[in-house]
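Taking it in order: structure first as structure tokens, then the write-up.
Order of the sequence lines sets the chain letters (A, B, ...), proteins ahead of strands, with each chain counted from 1. What you see is a predicted model, and the numbers here were worked out from it, not measured in a lab.
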Amino acid sequence: MIANVIVDVPAQQIDRTFDYEIPPRFEQVVQPGVRVAVPFGPRKVQGFVVSLSETSQFDRLKPISDVFDIKPVLTSELLELGDWLSVTTLCFKVTALQAMLPAALRAKYEKTLSLSDSIDKETLSPEVRQLFSRQNVVRWDELQKSAHEQLLKDIQRHIKNHQIVVNEHVGSKATMKKVRVVEKAVSDETLKETLENWGNTAKKQREVLEYVFHYSEVIVVSELVRICETSSSVVKALVDKGLLHEKVVEQKRDPFEGRSFGQTEPMALTSEQQQVMTSILRDVQKETHRTFLLRGVTGSGKTEVYLQAIEAVLQKGKEAIVLVPEISLTPQMVTRFKERFGSDVAVLHSGLSQGEKFDEWRKIRDQEVNVAVGARSAIFAPFTRLGMVIIDEEHETSYKQEEMPRYHARDVAIARGKYHKCPVVLGSATPSLESYARAQKGVYESLEMAERVNNIAMPSVHIVDMREELRSGNRSMFSNDLIEGMKTRIERGEQTVLFLNRRGYSTFVMCRDCGHVVQCPHCDISLTYHRSTGSLDCHYCGYRERVPNTCPSCESEAIRFFGSGTQKVEEALNDVLPEARVIRMDVDTTKRKGAHEKLLNAFGRGDGDILLGTQMIAKGLDFPNVTLVGILAADTMLHLPDFRATERTFQLLTQVSGRAGRHEKEGEVVVQTYDPEHYSIQLMQNHDFVSFFQREMLTRKRGQYPPYMFLTVITVSDTELMKVAQTTDRIAQFLKERLQEPSVVLGPVASPIPRINDRYRHQCVIKYKHEPKLTSFLQDILSMYQTEMTRTDLTITIDQNPYMMM
DNA sequence: AGCACGCCGACT
DNA sequence: GTCGGCGTGCTC
């Protein structure tokens, strides 16, 4: 048998399988989906076995040098999916495969040097001899950092003369957590006898021993020590006496260790919820694939529908994946799933350590759980009997990966749904125009929940024109309505959520005299002011400088920072409502692990009157005592140079206002804006998604944007501006010659951020309706420039259906 | 990617 | 004459 291997070398020429001989000792374990180490040219690399074959067109095959997995890490379905991903997103096959696995499984390369066995040490250069006098093995990467040029040259020479040998280790970063456990080492009779003859000494040992025999088969040593309030030496003494047996076992980390979750029962469904369930479950029963778009207003009980639908899937002995945007993967959300399904759920999100993620992933692969809840990449959960995929907050842009492979989780979900013949449910109060348009066309099945659970009214929305406020003399960032509203809540013992929309509103520094804005010297973008460090940072390249005292351009001293951070709002809030207890949630206050949860819990307990925050408080939060939501600057992102800006504004405002009055108490929303007539703000006031959809579709049609047309953006970058311009030009020309009406190639133009990290960036945008050969043209472009891309600084990135047009 | 091979100039 | 510069091509 021959193994067909995709090696871990991301390069165009290598993007295919290579054949390797399977040595007899590996015959049992080598199968599609396992990771191996293989010799590749002069070095050793990691690879994925993707298939086996009887023959090879090569006659001199090298043998596989190592096998990392006993169980495959990728199922045959995922291997196939990897191929599809690499084709549709134009990435390397390895990159696609890697993206489906937890980071812990990515290859770790280590190069070490050691002296060859039979050498005369006297022939070594003195420096090298000294290096090896202290240690037998020297790590290459450390040497590279510390050693001087001469030493490195000497070493190179010694390597050539075979005096020093290079050892390459290809390993896996994955670490299994090991724990010490003890168990009974003698029979119950022997124990009885022992205890009878115990005597008056070593009381602690006796206690520990009794505990083990009474309460457990096997117990983790640290647990035992904690329970019996003793030290490990006591346990050790018992082990030494032969009464307990100690061993080391591998343990899967549990991120929820030490936390207990209550059990919740399915709630009675409303008739709307019931109808939705019936439609979805019909497909679960029939084992057919369809994609459902579930539009349910905020508070209509979508989560309960998900939970019960999953329940039905589990009953059928199948598995379910639930995707939730990272930002709303809140403890509240996780808890709801844990409470219903207990230890049958694996949770995958960015807050976990690499090891924890790996263990959650293993629970899925080892079929210990049947439900996976997680952010974007959880769509690759290695289930084999997938019965349903749910994507909550379907419209969220975070479902699109902005690095290679540039996939959209929705597309992957549908691909998996087709493979497993199971339904995919896209849920949102404000679906993306793309999805809603597809539902209208009948590509997706439309499902609707228009009423809130228990017939609670939608919150009433007041729009405040901030220009009016200013004219009437209110120069603060809070309108009178909002201040009054907050005061009333405090009096009534109710709570307020204050939302600050910071996108497109970052805090930049500008000179009031000449209008000069401080920019990054490498990136053509305004620097962002960070109060905590007192610095101006570029969030593209990390460049940092101190805030200047005078304008670098005109030397005026009237240089100030603009824009509003949450800290600034908090201060202002202290001025107008000194009695209010404010809980601030932003990147700064939630950096520490668990801080997010702590703050929310505090607010939930009523330890704060006002919860002030950015995007992270927009979704999924459900606090019964919140009756007022204030949106401080509703229109800040409305005028971003992005055709989706209006859609995003509508979605965000609707999401945020949905935090108010979710239970018995009536909710109110105050929206502060400088553009009250804008249709996205007008229509969100009446919670009128359908009208918004129709209105926005007109705009998209006029501009020939999605969902009317598809987009692909090609970005070319290099340190030399001339090369960038020329290359982009040629690419645009190439495409113009090949594409058919009504496709258009826009540009080339400089990218919205024309320079990042001293690399110039040009782009061209392709708009098309039907262009079946586009992917192959794009592939041609990459092939045309592959040599130049490996040999020079040139890079070309292609993003099909982009979300960030930067 | 990363490394060897190989063909030209500066030097012990 | 050799050492080392980087352009070219290959990796089962």
Side-chain angles (χ1 to χ4, degrees), chain A residues 1-24 26-27 30-32 34-68 79 83 86 90-99 106-113 125 139-141 143-145 148-171 403-405 717-720 723 782-797:
Chain A
M1 272 300 198
I2 287 151
N4 310 123
V5 177
I6 300 279
V7 293
D8 180 25
V9 178
Q12 204 95 39
Q13 302 104 300
I14 314 303
D15 194 32
R16 56 198 168 83
T17 59
F18 285 78
D19 296 346
Y20 286 89
E21 178 197 308
I22 305 170
F26 293 144
E27 260 163 24
V30 171
Q31 48 179 315
V34 304
R35 295 167 307 143
V36 290
V38 291
F40 193 67
R43 61 217 165 100
K44 215 195 252 181
V45 297
Q46 196 193 64
F48 293 91
V49 176
V50 292
S51 54
L52 300 178
S53 57
E54 298 281 350
T55 56
S56 170
Q57 62 178 113
F58 296 89
D59 36 67
R60 273 244 166 269
L61 295 188
K62 291 183 181 175
I64 288 173
S65 25
D66 244 316
V67 180
F68 295 127
L79 288 170
D83 269 336
S86 69
L90 297 144
C91 74
F92 306 124
K93 290 180 176 42
V94 236
T95 315
L97 296 180
Q98 310 266 39
R106 242 160 266 160
K108 192 182 109 190
Y109 295 100
E110 201 180 76
K111 246 163 110 177
T112 58
L113 304 177
S125 82
R139 286 186 51 175
W140 178 247
D141 54 341
L143 195 65
Q144 294 246 295
K145 267 180 269 164
H148 287 296
E149 212 166 307
Q150 187 51 47
L151 177 59
L152 289 174
K153 275 187 180 165
D154 287 349
I155 288 171
Q156 298 278 2
R157 202 184 64 234
H158 291 312
I159 292 171
K160 239 180 190 162
N161 302 336
H162 305 287
Q163 290 167 302
I164 291 177
V165 284
V166 180
N167 316 295
E168 286 186 304
H169 309 271
V170 182
E403 296 144 34
M404 296 282 223
S717 80
D718 193 281
T719 46
E720 277 175 61
K723 206 158 90 192
L782 291 177
S783 310
M784 267 157 56
Y785 288 98
Q786 62 159 303
T787 336
E788 213 174 333
M789 280 164 55
T790 48
R791 304 241 192 280
T792 73
D793 247 349
L794 184 77
T795 55
I796 299 173
T797 52

* Asked: Can you find a heavy atom in the side chain of Ile22(A) that is under 4.5 Å from one in the side chain of Ile2(A)?
  ->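 Side chain of Ile22(A) against side chain of Ile2(A), heavy atoms only: no contact under 4.5 Å found.
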Results of side chain to side chain donor-acceptor pair (under 3.5 Å) for [X] - residues two or more places apart only:
| X | result |
| --- | --- |
| Gln98(A) | Asp8(A) |
| Arg139(A) | Asp141(A) |
| Asp718(A) | Lys723(A) |
| Thr95(A) | none |

* For Lys111(A), which contact category applies under a 4.0 Å heavy-atom criterion: base, sugar-phosphate, or nothing? ->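 It contacts sugar-phosphate atoms only.
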* Asked: Which pairs, with at least one residue in residues 783-797 of chain A and sequence neighbours excluded, count as a salt bridge (Lys or Arg N to Asp or Glu O under 4.0 Å)?
  -> Arg759(A)-Asp793(A)
* Protein-to-nucleotide contact annotation, 5' to 3' order, nucleotides 5-12 of chain C [B base; S sugar-phosphate only; - none; under 4.0 Å, heavy atom] -> ---BB-BB
Side-chain atoms of residues 36-54 of chain A: list all donor-acceptor pairs with protein atoms under 3.5 Å, sequence neighbours left out, distances to 0.1 Å.
residue  : atom : partner  : partner atom : Å
Ser51(A) : OG   : Asn4(A)  : OD1          : 2.8
Ser53(A) : OG   : Asn4(A)  : ND2          : 3.3
Ser53(A) : OG   : Thr55(A) : O            : 3.3

* **Under the side chain to side chain contact (heavy atoms under 4.5 Å, CB included) test, residues paired with Glu21(A) that sit two or more places apart** => Leu61(A), Pro63(A)
* Taking any atom under 4.0 angstrom from a heavy atom of chain A, which nucleotides of DNA chain B are the first and last to qualify, 5' to 3'? ->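 Reading along DNA chain B, I get dA1(B) to dC3(B).
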